6 protein chains.
Amino acid sequence: PEVYDQELYENNKYAGVVTGLAWTPVGGDILFIESSLSKGKGKLTLSGQLGDVMKESAVTALSYLKSNAEHLKIDHRLFNEYDLHVHVPAGAVPKDGPSAGITMLTSLASIYTQRKVKDKLAMTGEITLRGKVLPVGGIKEKILAAGRAGIKEIIMCSKNKKDLKDIEPDYIKNIKFHFVDTVDEVIKIALLKTKVEDPMIFSFDKNPNSKTQI
Amino acid sequence: PEVYDQELYENNKYAGVVTGLAWTPVGGDILFIESSLSKGKGKLTLSGQLGDVMKESAVTALSYLKSNAEHLKIDHRLFNEYDLHVHVPAGAVPKDGPSAGITMLTSLASIYTQRKVKDKLAMTGEITLRGKVLPVGGIKEKILAAGRAGIKEIIMCSKNKKDLKDIEPDYIKNIKFHFVDTVDEVIKIALLKTKVEDPMIFSFDKNPNSKTQI
Amino acid sequence: PEVYDQELYENNKYAGVVTGLAWTPVGGDILFIESSLSKGKGKLTLSGQLGDVMKESAVTALSYLKSNAEHLKIDHRLFNEYDLHVHVPAGAVPKDGPSAGITMLTSLASIYTQRKVKDKLAMTGEITLRGKVLPVGGIKEKILAAGRAGIKEIIMCSKNKKDLKDIEPDYIKNIKFHFVDTVDEVIKIALLKTKVEDPMIFSFDKNPNSKTQI
Amino acid sequence: PEVYDQELYENNKYAGVVTGLAWTPVGGDILFIESSLSKGKGKLTLSGQLGDVMKESAVTALSYLKSNAEHLKIDHRLFNEYDLHVHVPAGAVPKDGPSAGITMLTSLASIYTQRKVKDKLAMTGEITLRGKVLPVGGIKEKILAAGRAGIKEIIMCSKNKKDLKDIEPDYIKNIKFHFVDTVDEVIKIALLKTKVEDPMIFSFDKNPNSKTQI
Amino acid sequence: PEVYDQELYENNKYAGVVTGLAWTPVGGDILFIESSLSKGKGKLTLSGQLGDVMKESAVTALSYLKSNAEHLKIDHRLFNEYDLHVHVPAGAVPKDGPSAGITMLTSLASIYTQRKVKDKLAMTGEITLRGKVLPVGGIKEKILAAGRAGIKEIIMCSKNKKDLKDIEPDYIKNIKFHFVDTVDEVIKIALLKTKVEDPMIFSFDKNPNSKTQI
Amino acid sequence: PEVYDQELYENNKYAGVVTGLAWTPVGGDILFIESSLSKGKGKLTLSGQLGDVMKESAVTALSYLKSNAEHLKIDHRLFNEYDLHVHVPAGAVPKDGPSAGITMLTSLASIYTQRKVKDKLAMTGEITLRGKVLPVGGIKEKILAAGRAGIKEIIMCSKNKKDLKDIEPDYIKNIKFHFVDTVDEVIKIALLKTKVEDPMIFSFDKNPNSKTQI
Ligand SMILES: [Ca+2]
Ligand SMILES: [Ca+2]
Ligand SMILES: [Ca+2]
Ligand SMILES: [Ca+2]
Ligand SMILES: [Ca+2]
Ligand SMILES: [Ca+2]
Ligand SMILES: [Ca+2]
Ligand SMILES: [Ca+2]
Ligand SMILES: [Ca+2]
Ligand SMILES: [Ca+2]
Ligand SMILES: [Ca+2]
Ligand SMILES: [Ca+2]
């Protein structure tokens, strides 16, 4: 009895909320990846009826961030002293596939840095653990859905550029495309330098045992 | 051999007990979300034969509260030093779907703040991790059931407003509707400023390691 | 090749042993809920081939007791420093359903307080987390079985009172019925003020960290 | 390609090795319950392709011993500082059912006390958590197998006494039967006062936190 | 697309590598049990697509060693401060059954003592927790495979002696058979007094809490 | 809707990225094993829809490295104080089999030592826990794929040498083959003495309890 309507792009008010593009048997759609942090012990929770491949995508995105935390100016203690929850509405709709990889990565990067996500931006692309971006399917349907939803910029893998020639130019004339090969490029495009309004202030345990020596 | 009768609205005597609306193959019904806290280590227990989507709903509600604890004046130590149990009677009836999201959120907010829930109020709506309220199905059947059960006010997503035009005006003339878009609005409507009678008094561990620095 | 005979009521010698009523495809029967405590870390073990609903019933009963420990004069350290085992013989017979709820609750209340259970008493009824008692099915068969087994008093939900009119008055003239709406009433009827003979003496860890502040 | 021969009674040299009686589709057989302890943290390991009912039987036996440790003169620290392994050869033969309950209980009581098991003794019977012994099936086949295996004494539930009348008196004239109702009686019959030769010497952690107060 | 050739006996260079005998639908074969230790917390890892019975065999072998560590001159701290991995190549071939019991036991005894395994020796037999060796099936095929692989000595249960009369004397005239009843005998035959070349040097935590009192 | 193109060899810029060879129903292909480390507690994460055999392969590779850490100049604290993630793109393609064993081993050896992997090198072969390399199937298809992908050197088991005679000499004249029997040989060929550019700098906890005595 549940009914779901077509999503529209909303805004970039919250840290950790990033717009992705999904392929479904009845056409493309946009989806939102939401992340939240709360004081804890580094637990990861995934929800939104995610399939195994999509869960692995989230875990891979998190490992990438942990390995590259210094470069991204993320305090490493965040990974141990805060719990991370990633949710993908709508909660009853099963979702799977690797193509939300860069969207998840961007969501995590935003929540851990509290940096704002670029306005009216969507993205689709698989990530690998070393930070490569891989091409994904369903590009045509995804772009049409992005247009309908009010998206103005799209990030995807450079290897997906060829899929644009199947689309009527009129449909995409108002969308700016970013073709990337690495996660670094994604973050550079997607995350603004400014923090979200009213950013979360992180606090850490005083723990004499956690000092490190080399 | 078990038999279940139609529920009636009861009262708002207990913290953590909130009335939801359910769609079933034989018509709408009301249900109660019950929450309890006991000294522990932050464990979450869910019971009442809840399906995966409904369990994820509860977990998402809890994450939302943890992330927004300060705003809701919830002492964050509660999440680590008390165990939370959420139960949905009747215990033998399988339940699923995302539409109990705001009901669960309200139940948790009430048990953690010990604030009283508004009298003769019911609600239905999915929540997302960032605090959005999403529309759900089965509105007509749910509203009729609410009326039969003695409910006087209903909270639902503003996107469900359109579903009211399918209902005979007579059936709903005595019910006040609240159409919302965010969890914040739900809590503002559903939770009274006053605490329940004989509220639980929380106590916390003296733990020198748990002090924080920024 | 296992054979099971009809149970008879035994006695109220042991803390934590309470008589319940079961419905089976071949008629009603009585069953015993047995609980035991041993020094440990608060682990819960359930045995006797219990189904999911019945396991949730036990967990709900335990949460209720934890939340209401003070009221029932149970030292809260018992929940952390003793392991609880709940067993329902016969071990090879699968059992399920919510109707053992109040029997389990009474068994736990008895073992944690070491109070004696009333003599020749049986009970059937679902519990909820807030302490409501809900009606259950199979009342006629259960009462006939109770009579055959030598039971003299039965506790059930007030909403099950109507099921008595299906029973020949002769069968129940020697049984006293208690119709209840809350767990509090159940405990008041079922548990005697006196402790069992040779009650368990509880001991607790000296743990300087477990002191509390408000 | 594995082949199993009929077991014969062996001897009572080892602590924790007790002879049980099993019913199989091709007749009765004897089996051995073996238990061992090793320095650890109280972990329980069960092996020998045991089914769920039989595993619950072992767990129930262990809980009984823990609850009644003082009475049986078992140092309670053994349950926390030693790991227990219960194995039932032959390893590839699936086994299930509650009838090994008293055999397992006796095996555990022997290993924790290092007391010798009575010579040429076998047993069959379900246990409950409070220490009751319940009747089991397959008595005729089990007794015939015990006779063939060289068993001279058998312990079983008093309610199984009636099953003896189905057996030709000649088959059982050399076997002494013990009919019991409680676990206490079983232990009194089955365990000798003397320890096994070369008994295990238990050692315990010095742990200042484990002292108790009442 | 994977291909596996017939194994040949290799050498006894490594601690923890022991040659077993397997029955397969296409004839007998030899297999190697490999064990390794690394600084850790006593975790056990099993790999090589082992079935449940074979996993229980490994766990039983480990429990036997833990219980009899003193007798075998194994420092008990090894079980808590080192992780054990047991692998049975080839990694893609499913294996099951109890007949690798004594091979696993010997592998563990070798890795924990760093003693060399006897040259050109293979074995087959089930173990029990108290250290009995039980007969196994497929003896004829196993012995033929051992001969083809260059094995010169075989350990098996004394109850398997009868299976040799089915084999042409010519096939086994160059193989020396050891018929045993206990694990003790297996170790006495299989493990040399000398350590392997370049044995692992074990180191242990200084942990003031781990001292023991009796 | 996902599409995957034929991979090409990329470069040896990153520690932990090693090129393997895969057999698929539609021909050979190359794949990349990626490993990453991040401050943690020694947790292992595997992703890329790996089957059971392939997961056991990764665990076996890790155990081998832990057992032989000193020899490979890997600080043993890395295994306890860093989490390891092994990912095999593409994320949605199920993969299984033991033939990635040496590729995984090399990936782990590279990430733990931060040593560079040899340029334009690919490999295929099963590993065992003691460090043997075993032959694998699909050699012809794998080599053709390696050629197409720009690979110049291939490591495989010496027992796979015979499979080369099925391949047209022209296809393999530009590829150098290394036939090995042990993991030691693989590492010697695959890992350069030099570290990757901008290697990860490891830091360790000051933990007074972790000092060791012999
Ligand atoms: Ca949508
Ligand atoms: Ca996808
Ligand atoms: Ca209802
Ligand atoms: Ca729903
Ligand atoms: Ca019965
Ligand atoms: Ca029931
Ligand atoms: Ca047998
Ligand atoms: Ca049985
Ligand atoms: Ca082989
Ligand atoms: Ca076998
Ligand atoms: Ca590919
Ligand atoms: Ca393979």
Side-chain angles (χ1 to χ4, degrees), chain D residues 1-8 10-18 31-41 43-50 75 77 81-95 107 110-111 117 196 198 200-210, chain E residues 22-25 28 42 44 51-71 76-77 79-80 96-101 124 126-142 157 159-160 162-163 181 207-214:
Chain D
E2 308 293 345
V3 294
Y4 302 99
D5 49 5
Q6 288 279 348
E7 279 335 312
L8 290 181
E10 304 209 331
N11 61 51
N12 61 347
K13 195 172 133 188
Y14 299 100
V17 180
V18 183
L31 56 72
F32 302 109
I33 309 286
E34 303 180 329
S35 294
S36 82
L37 290 172
S38 56
K39 207 76 181 114
K41 290 174 180 173
K43 198 175 49 140
L44 171 64
T45 301
L46 301 171
S47 60
Q49 295 299 99
L50 311 187
D75 189 319
R77 293 172 297 177
E81 302 186 21
Y82 279 79
D83 291 338
L84 172 67
H85 186 150
V86 180
H87 179 69
V88 189
V93 180
K95 306 157 195 90
S107 172
S110 168
I111 198 76
V117 177
V196 291
D198 195 16
M200 201 170 173
I201 306 298
F202 300 120
S203 64
F204 299 103
D205 293 354
K206 259 186 210 162
N207 187 339
N209 288 331
S210 69
Chain E
W23 180 95
T24 79
L44 171 64
D52 283 351
V53 171
M54 200 163 176
K55 282 179 182 168
E56 288 191 349
S57 239
V59 170
T60 300
L62 181 54
S63 287
Y64 179 83
L65 278 192
K66 284 181 175 178
S67 271
N68 295 276
E70 209 177 339
H71 176 62
H76 205 285
R77 292 173 297 177
F79 300 119
N80 298 321
D96 207 357
S99 76
T124 185
E126 178 174 348
I127 54 167
T128 88
L129 190 57
R130 86 186 100 153
K132 254 176 91 173
V133 177
L134 300 181
V136 296
I139 291 296
K140 187 180 172 183
E141 295 86 348
K142 287 172 174 176
C157 179
K159 287 184 178 171
N160 275 126
K162 63 177 171 35
D163 299 305
D181 292 303
N207 186 340
N209 288 331
S210 69
K211 275 164 204 153
T212 59
Q213 56 179 9
I214 295 170

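Just so you know, these numbers come straight off a predicted model, no measurement behind them. Reminder, nothing fancy here: chain letters follow the sequence lines and each chain counts from 1.
- The backbone N or O of D/Ala90 lies less than 3.5 Å from no partner atom in the side chain of E/Glu126, so there is not a single donor-acceptor pair.
- Contacts of D/Ser36 with chain E are made by both backbone and side-chain atoms, with heavy-atom separations under 4.5 Å.
- Under the rule for a salt bridge (Lys or Arg N to Asp or Glu O under 4.0 Å), E/Asp181 has no partner lying at least two apart in sequence or in another chain.
- For the atom pair NE2 of D/His85 and OG1 of E/Thr60, the computed distance is 4.0 Å after rounding to the nearest 0.5 Å.
- More than 12 heavy-atom neighbours from other residues, nucleotides or ligands sit within 6.0 angstrom of CG on D/Asp75.
- In terms of heavy atoms, E/Ser67 sits closest to D/Ser38 at N-CB, 4.1 Å.
- With rounding to the nearest 0.5 Å, the separation of CD in E/Glu56 from CG in D/Leu46 is 9.0 Å.
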When you look at E/Val59 and D/His87, which way does the side chain to side chain contact (heavy atoms under 4.5 Å, CB included) test go after all the steps?
-> CA-CA 10 Å; E/Val59 170; D/His87 179 69; over 6 Å; no
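- With sequence neighbours excluded, no residue forms a ring-ring contact (aromatic ring centres under 6.0 Å, His included) with E/Tyr64.
- Ion pairing between D/Glu34 and E/Lys132 fails under the 4.0 Å rule for side-chain N and carboxylate O.
- Contacts between E/Ser57 and chain D at a heavy-atom distance below 4.5 Å are absent for every atom of the residue.
- With a 4.5 Å cut-off on non-hydrogen atoms, E/Ile139 does not touch chain D at all.
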